[in-house]
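Below you'll find the structure, written out as structure tokens, and then a few comments.
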Amino acid sequence: MQPITKFSEDIVQMSDLKVNPGRIVNQVDKTRRPVLLTQRGRGVAVVQSLNDYESGMEERAFLRGVVQGLMDLEEGREMSLAEAKKRLGLA
């Protein structure tokens, strides 16, 4: 579970990032919370750790696969385990 965003700490102006980017990277690494970058009061980007980004991408890909599988089942696109093994060259 991802930590809750602290708006008092996790929203940073782009100008602050330009002045001290290391502080922002260290903050993201230490807190494991993403930082919202703003410019003229509007959100423009998010900084997060590489590990959290990769984990999120893997989780979304997995969930897309699950949803696709459920849709295939609902639409009658299914095969037996023996069929699947044969198709994959495992039988």
Side-chain angles (χ1 to χ4, degrees):
M1 187 169 157
Q2 188 167 346
I4 297 174
T5 299
K6 292 185 179 178
F7 293 104
S8 61
E9 297 174 19
D10 300 335
I11 297 177
V12 175
Q13 295 177 15
M14 284 288 291
S15 58
D16 292 346
L17 176 69
K18 291 176 186 176
V19 171
N20 195 351
R23 182 183 70 80
I24 306 304
V25 171
N26 288 334
Q27 176 181 333
V28 167
D29 187 47
K30 179 181 163 192
T31 65
R32 305 231 7 153
R33 295 188 315 260
V35 168
L36 173 65
L37 298 177
T38 62
Q39 192 169 37
R40 297 186 193 110
R42 302 186 80 136
V44 293
V46 173
V47 177
Q48 71 182 120
S49 74
L50 180 59
N51 186 46
D52 289 343
Y53 174 78
E54 289 175 340
S55 294
M57 293 296 289
E58 289 172 4
E59 184 176 325
R60 284 187 288 282
F62 172 78
L63 290 174
R64 276 192 293 273
V66 169
V67 168
Q68 183 62 54
L70 292 172
M71 289 171 55
D72 287 345
L73 285 173
E74 279 185 13
E75 295 175 11
R77 292 187 303 258
E78 57 187 270
M79 66 178 69
S80 68
L81 179 58
E83 262 183 286
K85 285 182 175 181
K86 185 177 177 183
R87 231 184 207 192
L88 295 170
L90 302 173

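Side chains included, hydrogens not; waters and symmetry mates left out as well; all remaining heavy atoms used.
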Tell me every residue that passes side chain to side chain donor-acceptor pair (under 3.5 Å) with Glu58, counting only those two or more places apart in sequence or in another chain. none
Partner set under side chain to side chain donor-acceptor pair (under 3.5 Å) for Ser49, not counting sequence neighbours: Asp52
Under 4.5 Å side-chain heavy-atom separation, chaining through any Ile, Leu, Val, Met, Phe, Trp or Tyr, what else clusters with Ile24? Say none if it is isolated. Val12, Met14, Leu17, Val28, Val35, Leu37, Val44, Val47
Donor-acceptor pairs are to be reported for all side-chain atoms of residues 81-91 against protein atoms at under 3.5 Å, with residues two or more places apart or in another chain.
| residue | atom | partner | partner atom | Å |
| --- | --- | --- | --- | --- |
| Glu83 | OE1 | Ser80 | N | 3.2 |

For Glu78, which residues count as a side-chain contact (heavy atoms from CB on, under 4.5 Å) partner, sequence neighbours excluded? Leu73
Supply the atom-to-atom distance Arg33 CZ to Gln48 CD, rounded to the nearest 0.5 angstrom. 13.5 Å
Sorted by chain and number, sequence neighbours left out, side-chain contact (heavy atoms from CB on, under 4.5 Å) with Asp29 holds for none
For Arg42, what residues pass the side chain to side chain donor-acceptor pair (under 3.5 Å) criterion, not counting sequence neighbours? none
Checking Arg40 now: which residues fulfil side-chain contact (heavy atoms from CB on, under 4.5 Å) with it, not counting sequence neighbours? none
Linking directly or through intermediates, with side-chain heavy atoms under 4.5 Å: list the remaining ILVMFWY members grouped with Phe62, chain and number order. Leu63, Val66, Leu70
Check Pro34 against Val46 and note the closest heavy-atom contact, atom names and distance. CB-CG1, 3.6 Å
How many angstroms lie between atom NZ of Lys18 and atom CG of Asn20, to the nearest 0.5 angstrom? 14.5 Å
Output every pair passing side-chain hydrogen bond (donor to acceptor under 3.5 Å, both in side chains) with a member in residues 62-77, not counting sequence neighbours, ordered by first then second residue. Gln68-Asp72, Asp72-Arg77, Glu75-Arg77
Would you confirm whether Gln27, through its side chain, and Glu9, through its main-chain N or O, come within 3.5 Å as a donor-acceptor pair? yes
